[in-house]
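A quick write-up on the structure given underneath.
Fair warning: this is a prediction, and the values are worked out from it, not measured in the lab. Hydrogens, waters and symmetry mates play no part in the numbers below; they use all other heavy atoms, side chains included. Ligands are counted one by one from 1 in listed order, and the atoms in each one are counted from 1 as well.
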Amino acid sequence: MSDKKTSNQMWGGRFASGPAAIMEAINASISFDRKLYAQDIKGSIAHSEMLAQTGIISAADQEKIAHGLNTILKEIEAGSFEFSTRLEDIHMNIEARLADLIGPAAGRLHTARSRNDQVAVDLRLWVKDECFRVAEALKGLIKALLERAEEHAATVMPGFTHMQAAQPVTFGHHCMAYVEMFSRDLSRVRDAIERMDESPLGAAALAGTSFPIDRHQTAKALGFREPMRNSLDSVSDRDFALEFLALAAICATHLSRLAEEIIIWSTPQFGFVRLSDSFSTGSSIMPQKKNPDAAELVRGKTGRVTGHLVGLLTVMKGMPLTYGKDMQEDKESVFDAAETLDLMLAAMTGMVSDMTVNAAAMKKAAGSGHATATDLADWLVRTLGLPFREAHHVTGRAVALAEDRKVGLEKLSLEDLQSINPGITADIFSVLAVQNSVKSRTSFGGTAPSEVRKQIRAWKKRLGKA
Ligand code: ARG
């Protein structure tokens, strides 16, 4: 007896009433699953209508149930609903209040249903809605990028590999690379919606029910394409949440890469872009500084979103069929990832639209580092018929000579170039200018402004249809 008391004092410290309080604290999900109130009520109304239509409950009871649920919806939205941890989760909080409001008829709502299919349908509805929100936000970001791309289809900047200036490209082309990436994210959202568009409601606890329910009716009423085909799968599946987190993590990764580039571009050393005051802050001690905080936070928050994906994958990997309380851990990951991604998309769209592009700084950087060396080699192949390997070698010697003379490749004299290969003519200077280098890359998907504009037109058309 006294032993028990001591051990309880050791592990029950902050839980005044011992094991019962600890159980309540670990078991309750109302602090976060209250977010599902609208979906829960919508699901319950659809379920009650089906129960009445199949004759499982009376029309009079159904009316009372629907009326009570609508009252609860108003109470929650007005902030007057009292959530109770003792009632564990959103489902029981609503059902208990329904009993207060309409009496015994409330007890009929849970016929042919379990919290297992109830929570599965609630969360699916929520994630599906969120997917539509993400799709809209992605379209906004893509549009912002398309506008910048159009404006800068011919603005030359250095293209990098290994973070070393490699060949000149255009800023418009660079923006369009992100249009491709975010469009893939958009198509992933649409694929995910397509797969999650099935209703688990009516699977009951796990095995289906002996009541003559109509799962097609509830599926349709809730906006799902069809009911899920296997009751065990219906209550144990969280793929829709995992897919959402996966697409969110990939999208966040894209956002983070762009954020990283914006951070680099906005350093005084690069000076390619200047962020608007709304998306940067000053330093409290160093007056000259303008910090790209929003971009840094987009980059930083990516860790959180990816963490949520790994978290839920880890929860699910050990789950035998069907439902286990572990799965209650799905919600906080999904909610936080959603909120974070929405914010990241909004911040990035704002930054892309508002930033000032310094075309002169980009052009200057594009011309440094002998960026048109490949153009020189290509000219030797095209005009003198040299094998590319030999042209590469000749170009290497020209670069070495330019380094020697401390000038850019395009500043070498014709005599200098002819000392390396006597076949070289003045025509070579036409390809050594960055603008011409860029203009010449007309291969499909290349950086020539004409090609970039083609892609912009195509994406605008596709987006218009979406
Ligand atoms: N709060 C629970 C969850 O989020 C609802 C389902 C509870 N089901 C059960 N059989 N205990 O997963």
**Prompt:** Looking at Asp185 and Arg188, does any basic side-chain N land under 4.0 Å from a carboxylate oxygen?
**Reply:** yes
**Asked** Can Lys35 be said to sit on top of Phe335's aromatic six-ring, NZ or CZ under 6.0 Å from centre and within 45° of the ring axis?
**Response** yes
**Complete:** Among non-hydrogen protein atoms, atom 5 (C) of ligand 1 lies closest to Asp89 OD2, 3.5 Å
**Complete:** For atom 7 (C) of ligand 1, the closest protein heavy atom turns out to be Tyr323 OH, 3.5 Å
**Message:** Among all protein heavy atoms in this structure, tell me which lies nearest to atom 9 (C) of ligand 1, with the distance rounded to 0.1 Å.
**Reply:** Asn116 OD1, 3.4 Å
**Mutual orientation of the aromatic rings belonging to Trp265 and His174 [parallel < 30°, tilted 30-60°, perpendicular > 60°]** = perpendicular
**Prompt:** Can you find an N or O of Lys331 that's nearer than 3.5 Å to an N or O of ligand 1?
**Reply:** yes
**Message:** Does the Lys NZ or Arg CZ of Lys128 fall within the cation-pi geometry relative to Phe224 - under 6.0 Å from the ring centre and within 45° of the axis?
**Reply:** yes
**Request:** Determine whether the side chain, the backbone, both or neither of His91 has a heavy atom under 4.0 Å from any heavy atom of ligand 1.
**Result:** side chain
**Asked** Looking at Asp40, Asp237, Asp129, which one forms a salt bridge (Lys or Arg N to Asp or Glu O under 4.0 Å) with Arg124?
**Response** Asp237
**Prompt:** Can you list the ligand 1 atoms lying under 4.0 Å from a non-hydrogen atom of Ser29?
**Reply:** 1 (N)
**Asked** Can a donor-acceptor pair be found between the side chains of Gln62 and Ser48 at a distance below 3.5 Å?
**Response** yes
**Fill in**
Among non-hydrogen protein atoms, atom 11 (N) of ligand 1 lies closest to Arg115 NH2, 3.6 Å
**Residue, atom name and distance, where the atom is the protein heavy atom closest to atom 1 (N) of ligand 1** = Gln328 OE1, 2.8 Å
